[in-house]
Visitor: 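Here it is, the structure, as C-alpha cells.
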Amino acid sequence: MFSITLPLSYLLSGFFMKISDDEFDEKSNTLLATIFGIVCGVFTGLACSMDIDAACIFIAILVGNILAKKVDGIHHIVTMIAFLAIFILLGIPKFTIISFIVIIICIIGTMIDEWGNDNEEIYERSKFLMYFFDFRFALKVVILAIAIIGLISPWSFLFFLCFEIGYELARRVFNRFFL
C-alpha cells in the first residue's frame, strides 16, 4: 500500500524551508525563521528516517550548503539541529557504498546550484542560466539522472519534485501574503 507520509514530508520540508529562509532574508524575523526552520527540520528528519534515498538527498543538500557557505543564520543552525535530532531519534537507515556515491553526486549538484543562485555574473549571461539557477535545476537534473541509471528509486525523483513544489508554493505564498 502506498503511503502519503513520505511525499508529504518532502513537500512540507520544502515549504517550511522556503518560508524560514524568506522570514530571515526578507523580513529579518529571526524568531519566525527559527520556528519555521524547526518545522522544516522535523519533516526533513522524518523523510530521512523513512527512506534511504531521502537521507542521501537531504544530507547532500545540508553538506552542499555548508560547503558553499550558504548557512548564514541561526535559523539554519537550528533547522540542522532539529533535522539531525529527529533523524537520529526515529532511526538512521543503513547506508551502503551506493548511498555514499549518491550523497557525493548530490553534494556536487547542490554546490553547483548554490554557486549559480543569485549570482549576477551568471544571470547576466542569459535568461536560461538565470532561470536554471534561480530555480536550482542542477540538483533536479542530478537526481533525475541517478534515478534513471538506477542509483535511487524513480519515486525518489518524484518525491523530490514534491519538495520543490512545496518550496515554490511557499515562495508564492510569502510573496503574496507576507511581503
Side-chain angles (χ1 to χ4, degrees), residues 1-24 30-114 117 136 138-140 142-144 146-147 150-170:
M1 181 168 164
F2 181 78
S3 172
I4 193 72
T5 308
L6 185 58
L8 190 60
S9 292
Y10 270 90
L11 182 108
L12 293 171
S13 174
F15 183 87
F16 287 109
M17 180 180 291
K18 182 61 175 165
I19 293 291
S20 174
D21 280 347
D22 282 353
E23 280 293 335
F24 187 82
T30 304
L31 178 62
L32 278 179
T34 301
I35 291 168
F36 289 129
I38 290 169
V39 176
C40 169
V42 168
F43 283 111
T44 305
L46 177 62
C48 291
S49 69
M50 292 189 309
D51 182 69
I52 188 68
D53 292 348
C56 293
I57 291 167
F58 285 115
I59 287 169
I61 291 170
L62 172 64
V63 172
N65 275 280
I66 290 169
L67 293 174
K69 299 179 181 171
K70 294 290 184 155
V71 177
D72 61 2
I74 188 68
H75 67 297
H76 285 145
I77 304 297
V78 173
T79 301
M80 180 177 60
I81 291 168
F83 158 59
L84 293 172
I86 295 298
F87 187 36
I88 291 166
L89 206 77
L90 295 179
I92 300 172
K94 185 176 179 178
F95 287 90
T96 65
I97 295 297
I98 298 296
S99 304
F100 290 108
I101 292 169
V102 168
I103 291 170
I104 291 168
I105 293 168
C106 289
I107 287 171
I108 293 168
T110 299
M111 290 182 68
I112 291 169
D113 277 337
E114 293 304 328
N117 184 261
R136 294 178 170 92
L139 186 57
K140 292 176 193 69
V142 164
I143 292 172
L144 176 60
I146 61 177
L151 294 180
I152 63 172
S153 164
W155 285 106
S156 296
F157 174 70
L158 295 175
F159 296 157
F160 186 69
L161 291 181
C162 291
F163 171 85
E164 294 295 329
I165 289 167
Y167 192 90
E168 289 308 315
L169 281 172

Visitor: Closer than 3.5 angstrom, by distance alone: can the side chain of K140 be matched with the main-chain N or O of R136 as a donor-acceptor pair?
Guide: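 Side chain of K140 to backbone of R136, a donor-acceptor pair under 3.5 Å: yes, one is there.
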Visitor: Start with the C-alpha gap between F83 and I59, add the side-chain angles, then the distance that decides, and say whether side chain to side chain contact (heavy atoms under 4.5 Å, CB included) holds.
Guide: CA-CA 10 Å; F83 158 59; I59 287 169; 4.3 Å; yes
Visitor: With rounding to the nearest 0.5 angstrom, report the CD1 to CZ distance, I143 to F157.
Guide: 8.0 Å
Visitor: If you look at every heavy atom in A147 and S153, which pair is closest and at what distance?
Guide: CB-O, 4.0 Å
Visitor: Kindly indicate whether the side chain of C162, heavy atoms from C-beta on, has any atom under 4.5 Å from the side chain of F15.
Guide: no
Visitor: OG1 of T44 to OH of Y10: how many Å apart, nearest 0.5 Å?
Guide: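 Going from the OG1 atom of T44 to the OH atom of Y10 covers 10.0 Å.
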Visitor: For the CD1 atom of I98 and the CD1 atom of I105, what is their distance to the nearest 0.5 Å?
Guide: 9.0 Å
Visitor: Do I57 and F159 have side chains that approach each other closer than 4.5 Å (heavy atoms only, starting at C-beta)?
Guide: no
Visitor: Show the nearest heavy-atom pair for residues C48 and A55, with the distance to one decimal.
Guide: SG-CA, 3.5 Å
Visitor: Mind listing the closest non-hydrogen atom pair of H76 and K70 along with its distance?
Guide: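 Looks like CE1-O, 3.4 Å.
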Visitor: For G45 and I86, which heavy atoms make the closest approach, and how far apart are they?
Guide: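 Nearest heavy atoms, G45 then I86: C-CG2, 3.7 Å.
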Visitor: Could you report the tightest heavy-atom contact between I74 and T34, atom names first, then the distance?
Guide: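 For I74 and T34, the tightest heavy-atom pair comes out as CG2-OG1, 4.1 Å.
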Visitor: For a 4.5 angstrom cut-off between non-hydrogen side-chain atoms, does F58 reach F163?
Guide: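 F58 vs F163: side chains touch.
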Visitor: Answer whether the closest heavy-atom distance between the side chains of F160 and L139 falls below 4.5 Å.
Guide: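 The answer is yes; the side chains approach within 4.5 Å.
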Visitor: If we ignore hydrogens and angles and just use 3.5 Å, is the side chain of N65 paired with the main-chain N or O of V71 as donor and acceptor?
Guide: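 Not a single qualifying donor-acceptor pair exists.
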Visitor: Look at the rings of F16 and F43 and say which category their plane angle falls in: under 30° parallel, 30 to 60° tilted, over 60° perpendicular.
Guide: parallel
Visitor: L8 versus L11: any side-chain heavy-atom pair under 4.5 Å?
Guide: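 Yes. Closest side-chain heavy atoms under 4.5 Å.
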Visitor: Search all heavy atoms of T110 against all heavy atoms of A60 and return the closest pair with its distance.
Guide: OG1-O, 3.9 Å
Visitor: About how many Å separate CD1 of I103 and CD1 of I61, when rounded to the nearest 0.5 Å?
Guide: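 If we round to the nearest 0.5 Å, I61:CD1 and I103:CD1 are 11.5 Å apart.
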Visitor: When rounded to the nearest 0.5 angstrom, what is the spacing between CD in E114 and NZ in K69?
Guide: 14.0 Å
Visitor: Is any side-chain heavy atom of I35 less than 4.5 Å from a side-chain heavy atom of H75?
Guide: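 The answer is no, as the side chains (C-beta and beyond) never meet within the 4.5 Å cut-off.
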Visitor: So do I146 and C106 actually touch side chain to side chain, heavy atoms under 4.5 Å?
Guide: yes
Visitor: Would a 4.5 Å heavy-atom cut-off, applied to side chains only, mark V142 and I112 as touching?
Guide: no
Visitor: Hey, does the side chain of D53 reach the backbone of S156 with a donor-acceptor pair shorter than 3.5 angstrom?
Guide: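 Flag not set: sc D53 to bb S156 has no pair under 3.5 Å.
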Visitor: Going from CG on L84 to CG on L62, what distance comes out if it is rounded to the nearest 0.5 angstrom?
Guide: 6.5 Å
